[in-house]
Number of protein chains: 2
Amino acid sequence: MGMARTQGSHSDITGPRIRKAALGLFARHGYAAVSMRQIAKEVGVQAGALYNYTPDKQSLLYRLMQDHLKDLLAAYAALDKPTGPEDALRRFVGFHIRFHMERPDEVFIAYMELRNLTPENFSEIEALRRAYEDSLERILQDGQNAGLFSVADTKIATLAVIAMLNGVMTWYRTGGRLSLDEVEQIYWDMVRRAVTA
Amino acid sequence: MGMARTQGSHSDITGPRIRKAALGLFARHGYAAVSMRQIAKEVGVQAGALYNYTPDKQSLLYRLMQDHLKDLLAAYAALDKPTGPEDALRRFVGFHIRFHMERPDEVFIAYMELRNLTPENFSEIEALRRAYEDSLERILQDGQNAGLFSVADTKIATLAVIAMLNGVMTWYRTGGRLSLDEVEQIYWDMVRRAVTA
DNA sequence: ATCGTATATGAACAAGCGTTCATATAGAAC
DNA sequence: GTTCTATATGAACGCTTGTTCATATACGAT
């Protein structure tokens with residue numbers, strides 16, 4: 001009974017649409033504040049149908065974070081080999097700003113919703129994040145060893161640089177006063193001066 | 001009926017206890033994930049009693065943020081007058097790190113729960129935050145005018161410095177490898193180098 | 001000792017939650 | 001054109017949610 005709805009074989013379409021809807025809603029309202037019914041509504045489907053694509057709400061969040069961080073690591077690994085520590089740092093700054101700027105929702109979620117992961121899921125996500133941070137710390141350590149950089153503590157400097165770069169996401173809006181190139185240049189100047197010997 | 005409970009005139013005790021409990025729970029689990037009953041349980045009271053102290057859950061969050069930011073502005077305003085832009089910046093870095101380190105829960109909430117404020121409450125909180133950021137921007141602008149600092153954009157530099165300093169809260173733990181003095185020194189070094197001409 | 005009031009209880013409300021499942025349907029395969 | 005299966009519905013489940021309110025109690029003042 002009831003009006004007919006579109007049904008049938010939409011598996012490889014509905015799945016991504018669900019994740020996309022969840023991504024936007026989680027980013028805008030927070031994981032805990034978003035219901036499965038809201039996600040379903042955005043996709044144009046009933047709540048029960050979501051469970052053909054995710055075992056539960058938690059897994060939906062986990063998958064979004066995991067996909068994001070794996071993409072991040074893969075994209076960074078695909079960069080050209082740098083010519084030295086300073087070049088590597090410059091590339092890192094540019095890569096980080098651009099990659100994150102293209103994915104504001106993913107970044108926001110991977111940042112804010114860590115506490116809503118189960119302990120096991122949290123550990124896995126944390127490992128991915130640490131792998132990324134380690135690649136920056138290696139750059140700083142190499143530069144330090146080569147006498148090019150001068151930081152009191154490479155671990156702290158790593159976190160300080162990343163925190164500073166992440167700050168871009170809180171204020172930058174496309175079409176604003178500054179182009180992405182300008183932003184990249186400004187941040188690179190500050191980072192370089194902050195760590196250079 | 002039922003077992004007797006402590007009752008009577010506890011107004012000026014219960015109120016702060018409720019806010020303290022809410023503070024801890026909001027910080028640990030997030031505003032949306034915490035129920036009024038959980039807060040009440042932590043205080044040792046029934047959920048209904050909370051409404052003698054707050055008109056609703058939203059106001060509880062708003063009050064916590066407002067108190068925090070007003071404390072922040074008052075404490076900063078009470079600092080000694082600096083001798084110049086560089087001294088002012090050094091003081092700002094030290095003040096910011098220490099003040100925020102003493103209030104990890106408040107900082108976390110004022111940061112993460114902005115989206116759970118009503119639009120009106122959000123505007124008020126944003127105004128307070130901007131007032132604080134403006135005091136840093138004024139320092140940078142003064143230093144820039146005096147030829148002591150050299151930043152491409154004072155607004156961006158302001159946000160970059162604050163983002164960098166806020167990063168401390170994500171990793172620093174009392175009793176860890178570094179003392180607060182050391183942390184302050186390390187960050188001051190990086191900030192100074194990032195903005196100095 | 002009695003009263004008055006501030007403060008708490010505990011039950012109730014309607015609404016919404018995540019999740020499950022029997023049932024229906026649409027499209028692919030033969 | 002019939003069958004088979006993947007995909008969807010929509011109702012239902014037990015629970016929790018924020019909030020209200022009539023009622024009870026304990027303290028401060030008289």
Side-chain angles (χ1 to χ4, degrees), chain A residues 1-23 25-26 28-64 109 113 115-118 120-121, chain B residues 1-23 25-26 28-64 109 113 115-118 120-121:
Chain A
M1 71 184 66
M3 63 190 111
R5 296 291 175 83
T6 309
Q7 282 176 327
S9 177
H10 295 134
S11 178
D12 38 356
I13 285 194
T14 309
R17 289 220 301 154
I18 288 171
R19 286 188 288 277
K20 189 169 183 179
L23 182 73
L25 289 169
F26 289 167
R28 192 151 36 258
H29 307 293
Y31 173 79
V34 172
S35 73
M36 294 299 267
R37 284 172 180 82
Q38 285 175 57
I39 297 169
K41 189 171 201 175
E42 185 125 325
V43 177
V45 107
Q46 295 298 317
L50 302 184
Y51 291 84
N52 289 322
Y53 303 94
T54 183
D56 46 35
K57 191 188 176 190
Q58 161 74 202
S59 304
L60 202 44
L61 176 63
Y62 175 58
R63 166 95 190 252
L64 290 174
I109 288 174
E113 304 295 353
R115 62 182 162 194
N116 288 309
L117 292 172
T118 62
E120 306 80 39
N121 287 347
Chain B
M1 75 183 64
M3 64 190 114
R5 297 290 175 84
T6 309
Q7 282 175 327
S9 177
H10 296 134
S11 177
D12 38 355
I13 285 195
T14 310
R17 289 220 301 155
I18 288 172
R19 285 188 289 277
K20 189 171 183 178
L23 181 74
L25 288 169
F26 288 168
R28 192 150 39 259
H29 307 293
Y31 172 79
V34 171
S35 72
M36 295 299 267
R37 283 171 181 80
Q38 285 173 57
I39 298 170
K41 189 172 201 175
E42 186 124 324
V43 177
V45 107
Q46 295 297 318
L50 301 184
Y51 291 85
N52 289 322
Y53 303 95
T54 183
D56 47 35
K57 192 187 176 190
Q58 161 74 204
S59 303
L60 203 43
L61 176 63
Y62 174 58
R63 166 95 190 253
L64 290 174
I109 288 175
E113 304 295 354
R115 62 182 162 193
N116 287 309
L117 292 172
T118 62
E120 306 79 37
N121 288 346

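Residue numbers start from 1 in every chain, and the chains themselves are labelled A, B, ... in the order their sequence lines are given, proteins ahead of strands. These numbers come from the heavy atoms of this one structure, side chains and all, not from hydrogens, waters or symmetry mates.
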Asks: Tell me, with the steps shown, if B:Leu60 and B:Ile18 meet side chain to side chain contact (heavy atoms under 4.5 Å, CB included).
Replies: CA-CA 9 Å; B:Leu60 203 43; B:Ile18 288 172; 4.1 Å; yes
Asks: Given C:dA8, is OP1 or OP2 found less than 4.0 Å from the side-chain N or O atoms of B:Tyr53?
Replies: yes
Asks: Tell me the interatomic distance from A:Ile13, atom CD1, to C:dG27, atom P, rounded to whole angstroms.
Replies: 12 Å
Asks: Output the single nucleotide from D:dG18, C:dG18, D:dA8 whose closest atom is nearest the side chain of A:Met36.
Replies: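 Comparing D:dG18, C:dG18, D:dA8 against the side chain of A:Met36, the answer is C:dG18.
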Asks: Counting distance only, does the side-chain N/O of A:Tyr31 pair as donor-acceptor with the main-chain N or O of A:Gln58 below 3.5 Å?
Replies: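 Yes; judged by distance alone, with no hydrogens or angles, the pair exists.
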Asks: Specify the separation, in whole Å, of atom NZ of B:Lys41 and atom P of D:dT17.
Replies: 11 Å
Asks: Classify A:Val34 by what it touches in the nucleic acid, base, sugar-phosphate, or nothing, heavy-atom distance under 4.0 Å.
Replies: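 Result for A:Val34 = sugar-phosphate.
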Asks: Should A:Phe26 and A:Ile39 be marked as a side chain to side chain contact (heavy atoms under 4.5 Å, CB included) after you check the CA-CA gap, both sets of side-chain angles, and the distance that decides it?
Replies: CA-CA 9 Å; A:Phe26 289 167; A:Ile39 297 169; 4.0 Å; yes
Asks: Please give, in whole Å, the distance from C:dT20 C1' to A:Gln46 CD?
Replies: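 Answer to the nearest Å: 15 Å.
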Asks: Base of C:dG16, side chain of A:Arg37 - is there a donor-acceptor contact under 3.5 Å?
Replies: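 A donor-acceptor contact between them is absent.
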Asks: Please determine if a side-chain N or O atom of B:Thr14 lies less than 4.0 Å away from the OP1 or OP2 oxygen of C:dT7.
Replies: no
Asks: Closest heavy-atom contact between A:Ala21 and A:Val43?
Replies: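 Minimum heavy-atom contact is CB-CG2, 3.8 Å.
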Asks: Between D:dT17 atom P and B:Gln58 atom CD, what is the distance in whole Å?
Replies: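 Distance check: B:Gln58 CD to D:dT17 P gives 18 Å.
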Asks: Can you see which heavy atom on A:Arg37 is nearest to which on A:Ala47, and at what distance?
Replies: CG-CB, 3.8 Å
Asks: Identify the pairs formed between an N or O of the protein and an N or O of nucleotides 21-23 of chain C at a distance under 3.5 Å, and give each distance.
Replies:
none

Asks: On the nucleotide C:dC17, are OP1 or OP2 found under 4.0 Å from the side-chain N or O atoms that A:Gln38 carries?
Replies: yes
Asks: Nearest whole Å is fine: how far is D:dT19 P from B:Lys57 NZ?
Replies: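 In whole Å, D:dT19 P lies 8 Å from B:Lys57 NZ.
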Asks: Among the candidates C:dT7, C:dT19, D:dG18, find the nucleotide nearest to the side-chain atoms of A:Tyr51.
Replies: C:dT19
Asks: Starting at atom CG of A:Leu50, determine the distance to atom P of C:dG18, rounded to an integer number of angstrom.
Replies: 10 Å
Asks: Is there a side-chain contact between A:Met36 and A:Thr54 (heavy atoms, below 4.5 Å)?
Replies: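 Contact flag for A:Met36/A:Thr54 side chains = yes.
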Asks: Within less than 4.0 Å of OP1 or OP2 of C:dC17, is there a side-chain N or O belonging to A:Ser35?
Replies: yes
Asks: Which one, C:dT9, D:dA8, D:dT19, comes nearest to the side chain of B:Val45?
Replies: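 Nearest to the side-chain atoms of B:Val45, counting from C-beta on, is C:dT9.
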Asks: Starting from P on C:dT19, measure out to CG on A:Asn52 and report it in whole angstrom.
Replies: 14 Å
Asks: Which residue, A:Ala47 or B:Ala47, contacts DNA chain D at a nucleotide closer to its 5' end, judged by nearest heavy atom?
Replies: A:Ala47
Asks: Below 4.5 Å, heavy atoms only, C-beta onward: do B:Arg115 and A:His29 meet side chain to side chain?
Replies: no
